[in-house]
Amino acid sequence: PHILKMQPSSLPVEKILLVDDVPVNLAVLTSAIEPEGYEILAAPNGATALKVAAKAKPDLILLDIMMPEMDGLETCRRLKQHEATRDIPVIFITARNEMESVVEGFRAGGVDYVVKPFQMEEVLSRVKTHLRLNRLTRELLEKNRALEARTAELTAEMQRRQHAETELRHADDKLAAFSDIEAARGNLAGMVGG
């Protein structure tokens with residue numbers, strides 16, 4: 001029987017930044033998400049998360065809302081203020097009794113939330129959904145940029161052609177005027193010589 005060899009994917013491995021001040025939460029999330037083929041980055045607080053996100057530019061951030069010093073809401077607001085991290089989707093991690101924080105999280109720029117204790121199927125489903133949305137958004141933006149560049153090229157080409165046509169009309173007009181002059185000279189010469 002013929003066996004097909006699977007080619008390794010040419011897509012880069014997607015990076016997920018996990019931000020939580022509770023090490024066991026980081027460990028639980030890592031053990032559930034990493035086997036799905038994602039590269040996991042971890043930060044124990046908001047300040048570290050900002051540095052890691054700016055440098056590593058993850059594809060998704062899971063961010064705990066309740067953390068000491070800088071909470072997840074402030075961390076998200078700061079991520080959204082910087083061009084390098086503005087477009088990274090943020091999923092908030094919240095406890096059931098912190099649900100009022102979720103609305104504030106959406107205002108801060110979050111796209112979704114997961115509730116502790118974690119339901120891993122739900123976490124993985126939300127992670128995959130938002131990574132796919134982010135990937136499709138990036139592809140659409142790239143195609144849009146390419147389309148805008150092509151439109152600019154075509155516009156420039158149309159302008160060059162219009163300019164060339166105008167020059168050609170001027171040349172035709174000059175040639176016609178010259179021909180009229182030559183024809184008039186020819187008639188005049190015929191009349192004088194005749």
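Predicted, not measured: the structure shown is a model, and the values here were computed from it. Below, all heavy atoms of this structure are taken into account, side chains as well, without hydrogens, waters or symmetry copies.
- You'll find the side chain of Ile61 stays beyond 4.5 Å of the side chain of Thr85, heavy atoms only.
- Side chains of Cys76 and Phe92 form a contact here, defined as non-hydrogen atoms less than 4.5 Å apart.
- The OG1 atom of Thr94 sits 8.0 Å away from the CE atom of Met66 when rounded to the nearest 0.5 Å.
- Following chains of ILVMFWY side-chain contacts shorter than 4.5 Å, one cannot reach Val24 starting from Val19, and the two form parts of different hydrophobic clusters.
- Note: Thr75 OG1 to Lys80 NZ = 12.5 Å, rounded to the nearest 0.5 Å.
- Considering NE2 of His82 and CG of Leu50, their distance stands at 7.0 Å, rounded to 0.5 Å.
- Two residues are said to be in side-chain contact when any heavy atoms from C-beta on lie closer than 4.5 Å; Ile33 and Leu18 meet this criterion.
- Atoms CZ and CD, on Arg132 and Glu14 in that order, are 11.5 Å from each other to the nearest 0.5 Å.
- Ile88 places none of its side-chain heavy atoms less than 4.5 Å from the side chain of Leu79.
- Counted within 6.0 Å of CZ on Arg77, heavy atoms from surrounding residues, nucleotides or ligands total more than 12; the atom is thus considered enclosed.
- For residues 164-178, there are no salt bridge (Lys or Arg N to Asp or Glu O under 4.0 Å) pairs, not counting sequence neighbours.
- Using a 4.5 Å cut-off on side-chain heavy atoms (C-beta onward), Ile65 and Leu73 make contact.
- When all heavy atoms of Pro68 and Asp21 are compared, the pair lying nearest together is CD-OD2, 3.2 Å.
- When hydrophobic clusters are built by joining Ile, Leu, Val, Met, Phe, Trp and Tyr residues whose side-chain heavy atoms come closer than 4.5 Å, directly or via intermediates, Val90 is grouped together with Leu17.
- Cluster membership check: Val127 shares its hydrophobic cluster with Ile93, using side-chain heavy-atom separations under 4.5 Å among Ile, Leu, Val, Met, Phe, Trp and Tyr.
- Residues in residues 29-41 take part in these salt bridge (Lys or Arg N to Asp or Glu O under 4.0 Å) pairs, two or more places apart or across chains: Glu36-Lys128.
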Please output the side-chain donor-acceptor pairs of residues 51-60 that fall under 3.5 Å, not counting sequence neighbours, one pair per line with the distance.
unit_1 : atom_1 : unit_2 : atom_2 : d
Lys57  : NZ     : Ala54  : O      : 3.0
Asp59  : OD2    : Lys15  : N      : 2.7

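- Atom CE of residue Met70 and atom OG1 of residue Thr48 lie 9.0 Å apart, to the nearest 0.5 angstrom.
- We find the OG1-CG distance between Thr137 and Asp87 to be 9.0 Å, quoted to the nearest 0.5 Å.
- For Asn25, the side chain to side chain donor-acceptor pair (under 3.5 Å) partners are Asp20, not counting sequence neighbours.
- The hydrophobic clustering, which links ILVMFWY residues whose side-chain heavy atoms are closer than 4.5 Å, places Ile91 and Leu133 apart.
- For Leu63 against Gly72, the heavy-atom pair with the smallest separation is CD2-O, 3.2 Å.
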Using atom types as modelled, flag every donor-acceptor pair under 3.5 Å from a side chain in residues 111-126 to any protein atom, sequence neighbours excluded.
unit_1 : atom_1 : unit_2 : atom_2 : d
Asp112 : OD1    : Arg126 : NH1    : 2.5
Asp112 : OD2    : Arg126 : NH1    : 3.0
Asp112 : OD2    : His130 : NE2    : 2.9
Lys116 : NZ     : Asp64  : OD1    : 3.3
Glu122 : OE2    : Arg126 : NE     : 3.0
Glu122 : OE2    : Arg126 : NH2    : 2.9
Arg126 : NH1    : Tyr113 : O      : 3.4

Exercise answer: donor-acceptor pairs, residues 150-163 side-chain atoms, under 3.5 Å, sequence neighbours excluded:
unit_1 : atom_1 : unit_2 : atom_2 : d
Arg150 : NH1    : Glu153 : OE1    : 3.0
Thr151 : OG1    : Leu147 : O      : 2.8
Thr155 : OG1    : Thr151 : O      : 2.8
Glu157 : OE1    : Arg160 : NE     : 3.2
Glu157 : OE1    : Arg160 : NH2    : 2.7
Glu157 : OE2    : Arg161 : NE     : 2.9

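- A 4.5 Å side-chain heavy-atom check between Leu131 and Ile16 finds at least one atom pair inside the cut-off.
- Note on Glu74 versus Arg78: salt bridge recorded, some NZ/NE/NH1/NH2 to OD/OE distance being below 4.0 Å.
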